[in-house]
Amino acid sequence: MSKVQNIKGMRDHLPQAMLLRQHILAVVTRVAERFGFEPLQTPVLEYAEVLEGKLGDEEKLIYRFEDQGGRRLALRYDQTVPLARVVAQYSGTLTLPWRRYAYGPSYRGERPARGRYREFYQFDADIIGSSSPLADAEIVALLSEALAELGFPGFTTLLNHRQVLGGIARVSGLDEQAAGGVYRAIDKFDKIGAAGVREELLRLGVSPAAADQILLLVQIEGEPAAVLAELAGRLAGDARATAALENLRAILVGLAAMGVPAERYRVAPRLARGLAYYTGMVFESITPHWPEGSLLGGGRYDELIGQFAGRPIPTVGLAFGIDRLHDVMEELGLGPRASSPATAYVTIFGAELAGASLSLARELRAAGVNTLVSLDPGAGLGKQLKEADRKGVHYALVLGPDELARGEVVLKDLRNGEQRSVPREAVLAAMGAEG
RNA sequence: GUGCCUGUAGCUCAAUGGUUAGAGCGCCUGACUGUGGAUCAGGAGGUUGUGGGUUCGAAACCCAUCAGGCACCCCA
């Protein structure tokens, strides 16, 4: 390797990107803690056998290697399997139900594309050890508040249930074996359309009559309650699907009671999601401004967490894709776009006035104002203001001989170009007053 | 991992196989003041992703490789 570069599919996040990412993380964390979720962090490395056998054929995407001691290690593929390990390992000290959130990188050896990377950051929130539909509803409420506070316009969360899909497959005369391929075909509906899905189903060996039946059921749309009623009628012969629809109904009641606006979610029987371990409700949040895919997704997986503990531990959760949220927000112009966390820049008029400027900067910082100070007293005001401008700082402060003599400071608003001389002790108030 | 498309200045892009690879924006210096953006003048910046090959001659054509994008696959 002669060229200096980073690894394919893994990115450096320069300051402007980091400020937006930190904003996203701060908002999502705030919302999660508002719901009482507790933080957890686990290592990015796990013993390979911890990750193996949980993900099916996706295991080819796991980064694996040996350390110097010959131990077989793997980079975590998501934060769900490590969670299962933690729940088993600390079963004596954790009281269920447990709400936990986790933030950090995960790794998949995929072909990179826009919004998909080999190192990607996720914020996971899960409720471990509750099968209540209120837990499902709470996860959806959390995500709705987070996306709203991030400023996403017109997002919607699509809700479905694995056993509704199962019921659709069974009613159409398919057995469980065929189900996986059928789910994946259905999941492509928004991408390839009804005709495309039909073609795919036929290719999987589904009879034309069954394919038409599946397509009919999967395209049911409308008010959540109406969709549920329609499905209930058509899947009445299937006990598991009927129970699943009852479960979805209870979740919808919870969502309404939690104050989630009705336009923020709908029941979509065509939503499948690829991950094999989901057992109950599944969901995905989408926005018309990002047709490429979902902003986030999740669902209920009652089997996975208990695999290490040796007993079923019902769990529902979601993962925010920080990278994807970042890409979409950047494209839509949402969130902060500054390249510096500073809001103030203190100029230094000349070497002999450096002390006065530095103590002004110290006062601002003591009051909690992020403050940059010039490092080059000889540079001239023009150059210093240019630096302040380029950093996207809101205010520049000038402390020259005249101001010093009068005990004042020139406060310049770099956004509108207005400036005025204010008494030094009133600087903070003046900045606060102008936002 | 498979197929297709693309890599030229910091960014967006030009340049029939033929002089010394250009432009806009950005960047640096200066002109105007105790002051950013605007205007004007000047300047820096390139082994054309990398390595081979074809040719009298390659940014262009061929092969390999690396990286990015799109479609499979899957998903955040």
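Order of the sequence lines sets the chain letters (A, B, ...), proteins ahead of strands, with each chain counted from 1.
- For the C1' atoms, the distance from B/G45 to B/G24 is 15 Å, rounded to whole Å.
- B/C74 atom P lies 13 Å from atom CD1 of A/Ile186, rounded to whole Å.
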Do any N or O atoms of the protein come closer than 3.5 Å to N or O atoms of nucleotides 26-30 of chain B, and which pairs are they?
{"unit_1": "B/C28", "atom_1": "OP1", "unit_2": "A/Arg390", "atom_2": "NH1", "d": "3.1"}
{"unit_1": "B/C28", "atom_1": "OP1", "unit_2": "A/Arg390", "atom_2": "NH2", "d": "3.1"}
{"unit_1": "B/C28", "atom_1": "OP2", "unit_2": "A/Arg390", "atom_2": "NH1", "d": "3.4"}
{"unit_1": "B/U29", "atom_1": "OP1", "unit_2": "A/Lys383", "atom_2": "NZ", "d": "3.0"}

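- More than 12 heavy atoms of other shown residues, nucleotides or ligands fall within 6.0 angstrom of atom CD in A/Glu38.
- Stacking of the aromatic ring of A/Phe120 onto the base of B/A76 is found: the ring centres lie under 5.5 Å apart and the planes are inclined by under 30°.
- Contacts of A/Gln307 classified as side-chain hydrogen bond (donor to acceptor under 3.5 Å, both in side chains), with partners at least two apart in sequence or in another chain: none.
- Of all nucleotides listed (B/C4, B/C74, B/U35), B/U35 comes nearest to the side chain of A/Val410.
- Proximity of A/Lys188 to the phosphate of B/C73: a side-chain N or O atom is located under 4.0 Å from OP1 or OP2.
- Among the nucleotides B/G69, B/A76, B/G36, the one closest to any side-chain atom of A/Arg114 is B/G69.
- Using a 4.0 Å cut-off between a side-chain N of Lys or Arg and a carboxylate O of Asp or Glu, A/Asp78 and A/Arg76 do not qualify as a salt bridge.
- RNA chain B is contacted by A/Lys8, A/Gly9 of residues 7-33 of chain A, taking any non-hydrogen atom closer than 4.0 Å.
- In this structure, A/Leu381 atom CG and B/U33 atom P are separated by 13 Å, rounded to whole Å.
- At the heavy-atom level, A/Leu296 lies under 4.0 Å from the strands shown only through sugar-phosphate atoms.
- Residues meeting the salt bridge (charged side-chain N to carboxylate O under 4.0 Å, His left out) test with A/Arg198, sequence neighbours left out: A/Asp212.
- Remark: RNA chain B takes part in the stems B:1-7 with B:66-72, B:10-13 with B:22-25, B:27-31 with B:39-43, B:49-53 with B:61-65, each of 3 or more antiparallel Watson-Crick or G-U pairs, criterion distances under 3.5 Å.
- In this model, no side-chain donor or acceptor of A/Arg111 finds a partner on the base of B/C73 within 3.5 Å.
- Taking the charged nitrogens against the carboxylate oxygens, A/Arg273 and A/Glu284 do have a contact shorter than 4.0 Å, which makes a salt bridge.
- With sequence neighbours left out, A/Arg390 forms a salt bridge (charged side-chain N to carboxylate O under 4.0 Å, His left out) with no residue at all.
- For A/Leu372 and B/G36, the CG to P distance is 18 Å, given to the nearest whole Å.
- Here A/Arg118 does not pair with A/Glu110 in a salt bridge; the nearest charged N to carboxylate O distance is not below 4.0 Å.
- Using a 4.0 Å heavy-atom distance criterion, A/Gln419 is classed as a base contact.
- Between A/Arg300 and A/Asp136 there is a salt bridge, since a side-chain N of the basic residue sits under 4.0 Å from a carboxylate O of the acidic one.
- B/U12 and B/G68: their P atoms are spaced 15 Å apart (whole Å).
- Candidate nucleotides B/C70, B/U35, B/C75 were compared by shortest atom distance to the side chain of A/Arg108, and B/C75 ranks first.
- Taking atom C1' on both B/U50 and B/A67, the two are 10 Å apart, rounded to the nearest angstrom.
- Side-chain atoms of A/Glu110 come within donor-acceptor range of the base of B/A76, with a qualifying N/O pair under 3.5 Å.
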